[in-house]
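Scroll down for the structure; my scribbles are underneath it.
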Amino acid sequence: MLTLKQIQDNKQEVIERLKIKNFDAVNIVDQIIELDNKRKSTQTEADNLQAEMNRLSKSIGQLFKEGKAEEANQAKETTAGLKEQIKNLTTQQDSIETELQNLVVQLPNLPHPSVPAGKSADDNIKVREGGLIPQLTEALPHWELAKKFNLIDFELGVKLTGAGFPVYKGHGARLQRALIAFFLDEAIAAGYEEVMPPLMVNEDSGFGTGQLPDKEGQMYHVTADNLYLIPTAEVPVTNIYRDVILDGNQLPVRNCAYSACFRREAGSYGKDVRGLNRLHQFDKVEIVQVAHPEKSYVVLDEMVNHVQSLVEKLGLPWRIMRLCGGDMSFASALTFDFEVYSGAQERWLEVSSVSNFETFQSNRLKLRFREEGEKKTQLAHTLNGSALALPRILAAILENNQFEGGIKIPDVLVPYCGFDVIA
RNA sequence: GGAGAGAUGGCAGAGUGGUCGAAUGCGGCGGUCUUGAAAACCGUUGACCUUCACGGGUCCGGGGGUUCGAAUCCCUCUCUCUCCGCCA
């Protein structure tokens, strides 16, 4: 969430920039500023009374010690009024703070100046692209290939769990495992430390990265224990740094993690969700960085380049999109999406989203760092990206690499899966 | 699931209801000594809110209560640990 200081100091800028995200912040910002000012004055008042109270209490103790019971009792009487006033003020302050909090969490992150205005994915801007779009004849979509070569059993998943929970089998399962290992090895080689996080998180973690309180509908909620299945490893991995104060020289922190991801995605239907295009459970390797505020955009580029190297090594046709204000997530300041071309479906599939959240998450997480020699702490920047999400990558590999008798495996994966062709 | 114990500063660990933001040790930082280092010694060492600043306030797991005054007493919630049972 935005800091109160950001809002107080740059009111007009906040309003203007949120317009890019199609968010009208005028009223809410005014309310926030008014409440914040009220909070400050109320607190000053309460603090002064409390200071008075503390002084009195101390003197009462002293008086009793000296045996001046009468004076002490006299002083006691004067505390009653103070106590009442303080109680009123702190009650007031509590409600102000609750109200303030409720308002502030509604504000999305400010988009970076380079974010184009726009309403939907149609307004995203292509940054660059690479690879060759395959010229296929009589190409089968991946769900038919998956069936033909016995790689993925969607119906079996329905039997076991429900739609959107496919069962990977044989070469399909091995290919999946190969992709995970390949992505992790690439990330490790690029300097990321691997972690294996829990697949369920508590409420605090959900709030820290911004899934809660608003988007609980996206996560599976285990009500018996009040835990949430993670929609992405970003949640547990970023929350590693919740309530942490790092040394400036520890930055940037780099982590990568493989995890299964769970998304409810209620209300989806149609060809968009056919096959592997959209699942309730899928696998993903995620990269996360905690960066110095002055360097976070360099870090973002570095992460984008890393993801680019992955799709290039897999030999997939790719493009990078700069998301417009309307297509960006609530918490992001700047997001680049990676899409790969799916030869049989003849459409682009989103396989990665790389974002800089600046201080939006760290403010919720209380993730700070201290510059060497400085006394004050400041909020760090957090970034993350998929590197990569597996299902659509698998879909593109299957579709693009199909030939008459089978499917060719990208060279980089062969050492990982142990076969070079599915036939 | 059953029984018990506990939650205090980066860590370990004290704390009779009244100068306790909190002893002590370790760690960290600065210094003395040293060619340098170690050891020893001296000093220093939490976060947050508010203020231009001085200062003031809050925080001893969370919430509530008793009291002029609570880390210390009461209630409640959460979490952690140990033992037993079950189990990959």
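Not measured: the values here are computed from a predicted model. Here is how names work: the chains are called A, B, and so on, in the same order as the sequence lines, proteins then strands, and each is numbered from 1.
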Report the C-alpha separation of A:R242 and A:L367 in whole Å, then their side-chain angles, then the decisive distance to 0.1 Å, and conclude whether the side-chain contact (heavy atoms from CB on, under 4.5 Å) test is met. CA-CA 5 Å; A:R242 170 153 50 85; A:L367 161 52; over 6 Å; no
Please state the [atom1] separation for the pair [N] and [M] - nearest whole angstrom.
{"N": "B:rG63", "M": "B:rA70", "atom1": "P", "answer": "15 Å"}
{"N": "B:rG85", "M": "B:rG4", "atom1": "C1'", "answer": "15 Å"}
{"N": "B:rA40", "M": "B:rC33", "atom1": "C1'", "answer": "9 Å"}
{"N": "B:rG27", "M": "B:rC11", "atom1": "P", "answer": "16 Å"}
{"N": "B:rU24", "M": "B:rU45", "atom1": "C1'", "answer": "15 Å"}
{"N": "B:rC73", "M": "B:rG18", "atom1": "P", "answer": "11 Å"}
{"N": "B:rA7", "M": "B:rG56", "atom1": "P", "answer": "32 Å"}
{"N": "B:rG28", "M": "B:rG9", "atom1": "C1'", "answer": "13 Å"}

How close or far is atom [atom2] of [N] from atom [atom1] of [X], stated in whole angstroms?
{"X": "A:N37", "N": "B:rU51", "atom1": "CG", "atom2": "P", "value": "10 Å"}
{"X": "A:N226", "N": "B:rC77", "atom1": "CG", "atom2": "P", "value": "16 Å"}
{"X": "A:L227", "N": "B:rC79", "atom1": "CG", "atom2": "P", "value": "9 Å"}
{"X": "A:D247", "N": "B:rG28", "atom1": "CG", "atom2": "P", "value": "13 Å"}
{"X": "A:K5", "N": "B:rC49", "atom1": "NZ", "atom2": "C1'", "value": "14 Å"}
{"X": "A:K38", "N": "B:rU50", "atom1": "NZ", "atom2": "P", "value": "17 Å"}
{"X": "A:D204", "N": "B:rC79", "atom1": "CG", "atom2": "C1'", "value": "11 Å"}
{"X": "A:R364", "N": "B:rC48", "atom1": "CZ", "atom2": "P", "value": "20 Å"}

Within the supplied structure, the quantity of interest is the number of heavy atoms (other residues, nucleotides, ligands) at a distance under 6.0 Å from A:E193 CD; does it exceed 12? no
Rounded to the nearest 0.5 Å, what separation is found between the OG1 atom of A:T79 and the NZ atom of A:K76? 8.0 Å
Nearest 0.5 Å please: distance from the CD atom of A:Q289 over to the NE2 atom of A:H306. 10.0 Å
For the side-chain contact (heavy atoms from CB on, under 4.5 Å) test, which of A:V421, A:I397, A:N401, A:L175 pairs with A:I409? A:L175
Pairs under 3.5 Å (N/O, protein and nucleotides 17-20 of chain B):
from, atom 1, to, atom 2, distance (Å)
B:rG18, N2, A:S57, O, 3.0

Residues [X] and [Y] bridged, charged N to O under 4.0 Å:
{"X": "A:E144", "Y": "A:K147", "value": "no"}
{"X": "A:K169", "Y": "A:D153", "value": "yes"}
{"X": "A:D123", "Y": "A:K119", "value": "no"}

Given the side-chain rings of A:F369 and A:H292, with only the six-membered ring counted for Trp, is the space between their centroids under 6.0 Å? yes
So, A:F149 versus A:H171, ring centres under 6.0 angstrom or not? no
Given Watson-Crick and G-U pairs under 3.5 Å, RNA chain B in dot-bracket ([ ] crossing, | other strand) is ((((((((.[[[..)..(.....]]]((((((.......))))))(((((....))))).[[[[[..)....]]]]])))))))....
Nearest-nucleotide 5' precedence on RNA chain B, A:I245 against A:R39: A:I245
Residue whose closest nucleotide on RNA chain B lies nearer the 5' end, A:D36 versus A:D225: A:D36
Enumerate the residue pairs fulfilling side chain to side chain donor-acceptor pair (under 3.5 Å) with a member in residues 246-255 of chain A, sequence neighbours excluded, ordered by first and then second residue. A:Y241-A:N255, A:R254-A:E302
Does anything in residues 19-32 of chain A form a side chain to side chain donor-acceptor pair (under 3.5 Å)? List the pairs, not counting sequence neighbours. A:K11-A:D30, A:E16-A:K19
Partner set under salt bridge (charged side-chain N to carboxylate O under 4.0 Å, His left out) for A:K313, not counting sequence neighbours: A:E186
A:S59 near the nucleic acid: base, sugar-phosphate alone, or nothing, with a heavy-atom cut-off under 4.0 Å? nothing
Does OP1 or OP2 of B:rA47 have a side-chain N or O of A:K376 closer than 4.0 Å? no
5' to 3', nucleotides 56-65 of chain B under a 4.0 Å protein heavy-atom cut-off (B base, S sugar-phosphate only, - none) gives BSS-------
